[in-house]
Number of protein chains: 2
Amino acid sequence: MKEGPDIAQIGALIGDPARANMLAALTGGRALTATELAGVGGITVQTASTHLAKLEAGGLLAQRKQGRHRYFTLADEAVARLIESMMGFAAGRGHLRHQPGPKEPALRKARICYDHLAGDYGVRMLDSLIASGSIDAVGDGLSLTEKGENDLECIGIDVGDLRSSRRPLCRSCLDWSERRAHLAGSLGKALLSSFLDKGWARRTPESRSVLFTPEGDRQFLKLFPIDA
Amino acid sequence: MKEGPDIAQIGALIGDPARANMLAALTGGRALTATELAGVGGITVQTASTHLAKLEAGGLLAQRKQGRHRYFTLADEAVARLIESMMGFAAGRGHLRHQPGPKEPALRKARICYDHLAGDYGVRMLDSLIASGSIDAVGDGLSLTEKGENDLECIGIDVGDLRSSRRPLCRSCLDWSERRAHLAGSLGKALLSSFLDKGWARRTPESRSVLFTPEGDRQFLKLFPIDA
DNA sequence: TTCATACTTCGATCGTAACCGAAGCATCGC
DNA sequence: GCGATGCTTCGGTTACGATCGAAGTATGAA
């Protein structure tokens, strides 16, 4: 047999609880230090160090030295998509963590996925962009229409600038809590950044969740209406 | 931390080489016996038995007793999609198996993914269906148009029949070799079945690949043209 | 220079899970 | 009934990897 790519390797990398916790934490988009990651993994720094080395060797993580700190991030968006899709699958099988806890609703409403918006709000945003004709969905891919480009420029997003990067402009990413797609790619990132810049929302320090201010909430819902 | 679903569990399930090989083999869509799966995993039947029990407990496999045989299949299409997406990811990282081998091209051209067509031909089929207006792509989802329903009836697919099943009619499934979506869901299954019934193609006994006859090839390409 | 912090490497321990041989059920064919 | 086949369960071995204490390296601060 032995057909196709080797999935056992990455399965094993994700299969350790400490590593899985680290990866999940990094899906929050922030770069974290080895010590912080040891904390989320519930292990000592030594152990974390070996885990992180393995994850990096496996191509899941990237690191950046800064002074005496070493900041770890997910290697790229593909890793984030993989983690999210595995979370979606796990949620569907009932492989949930024990405590839903009070943070859960906030997480489902709006959270960071690598560098863009996920959760109910993330899905709503993409739906609205498609419904308004700003984004075309063809097959698996998404593409920005002329109308969309104009609309986005109006709210202060420089699409031309985004196009110049090598990263795809639009990407769909499967949302584990909603089980539907939200917008990833450089455009997804730019949109989230603009919400944060405008003060509509802020990131929480210790969690993936994104908190909208009452005013930000109002603006967001107005900007991305759902007609249904 | 401990946010979100538990991905370590399924990661660990996929993370064992023997289990990963079994799962990859089952993505071929055929139901396999424990003894056959032991073969693909390169282990004895006893060991395979415990592996299979774990996979079933984890919700990845389903089994069906038939006489003194026990046939295993992937639990559902979601598992197949997960495996395919992990393969796509692994391929992107260069985590390839050692031998590309002579079977590889056939596998990339057309293969089974659970119960529908994948590979170049699978992707081409979906692209063509969308281009011809038979399928609408909205966000992450796919939906059959009226035109599509008519066209399909013409080639002998009873769409009404398919609708009565609880399984979604159209689903997009990310293809690991093409890195684009192909058509899954009950419609994807029905289309593949019809090709096999018509004698356009046949499955190979020991591999996931689907071999098209010269005539079948001609018919397929005519039925699903690519204008580009 | 000296001390403190952040992290890695080394060495050793320990637990778990993969593995197989042998025995135990179940089902089929005769 | 009997033996053969397909699979599971049991018991015991083995190996790998997760873990941490302790020591080593790098960077920054005083």
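Sequence lines set the chain letters: A, B, ... in the order given, protein chains first and strands last, and positions in each chain run from 1. Only heavy atoms go into these numbers, but all of them, side chains included; no hydrogens, no water, no symmetry mates.
Residues A:Y114 and A:E84 form no side-chain contact, since every pair of their non-hydrogen atoms from C-beta on lies 4.5 Å or further apart. When side chains are defined from C-beta on, B:R30 counts as touching B:R203, because their heavy atoms get closer than 4.5 Å.
Looking at which nucleotide of DNA chain D each of A:Q66 and A:V45 is closest to, the 5′-most match is held by A:V45. Mapped onto DNA chain C by nearest heavy atom, B:Q46 and B:K54 fall at different nucleotides, with B:K54 at the one closer to the 5' end. Toward the 5' end of DNA chain D, the nearer of the two residues B:Y71 and A:I43, judged by each one's closest nucleotide, is B:Y71. Between A:T50 and B:R68, it is A:T50 whose nearest contact on DNA chain C lies nearer the 5' terminus.
For the pair B:T44 and C:dC19, the criterion of a side-chain N or O lying under 4.0 Å from OP1 or OP2 is not met.
In this structure, the nucleotide among C:dC7, D:dT8, C:dC19 sitting nearest to the side chain of B:D16 is C:dC19. The side chain of A:T47 lies closest to D:dT19 when the candidates are C:dA18, C:dT8, D:dT19. Considering only the side chain of B:H51, C:dC19 comes nearest among C:dC7, C:dC19, D:dT19. For A:T35, taking side-chain heavy atoms from C-beta onward, the closest of the listed nucleotides D:dT8, C:dT8, C:dA6 is C:dA6. When the nucleotides D:dT8, D:dA18, C:dT8 are ranked by their closest atom to the side chain of B:S49, D:dT8 comes out on top.
If you measure from atom CE of A:M22 to atom C1' of C:dC7, you get 13 Å, rounded to the nearest angstrom. Summarising the geometry, the separation between CG on B:L52 and P on D:dT8 is reported as 7 Å, rounded to the nearest angstrom. Rounded to whole Å, atom P of D:dT5 lies 16 Å from atom CD of B:E36. Rounded to an integer number of Å, the gap from CG of A:L55 to P of D:dG17 is 14 Å. Following rounding to the nearest Å, A:R70 (CZ) and C:dT9 (P) show an atom-to-atom distance of 8 Å. Nucleotide C:dC7 holds its P atom 11 Å from the NZ atom of A:K65, rounded to whole Å. Rounded to an integer number of Å, the gap from B:L37 CG to D:dT8 C1' is 15 Å. What separates CG of A:L61 from P of C:dT8 is a distance of 12 Å, to the nearest Å.
Between the side chains of A:T44 and A:Q46, at least one donor N or O sits under 3.5 Å from an acceptor N or O.
The pair B:D175-B:R111 meets the salt-bridge criterion, with a side-chain N (NZ, NE, NH1 or NH2) lying under 4.0 Å from an Asp/Glu carboxylate O.
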**OP:** Given side chain to side chain contact (heavy atoms under 4.5 Å, CB included), test B:L187 with B:L152 step by step and report yes or no.
**Re:** CA-CA 10 Å; B:L187 182 57; B:L152 288 171; 3.7 Å; yes
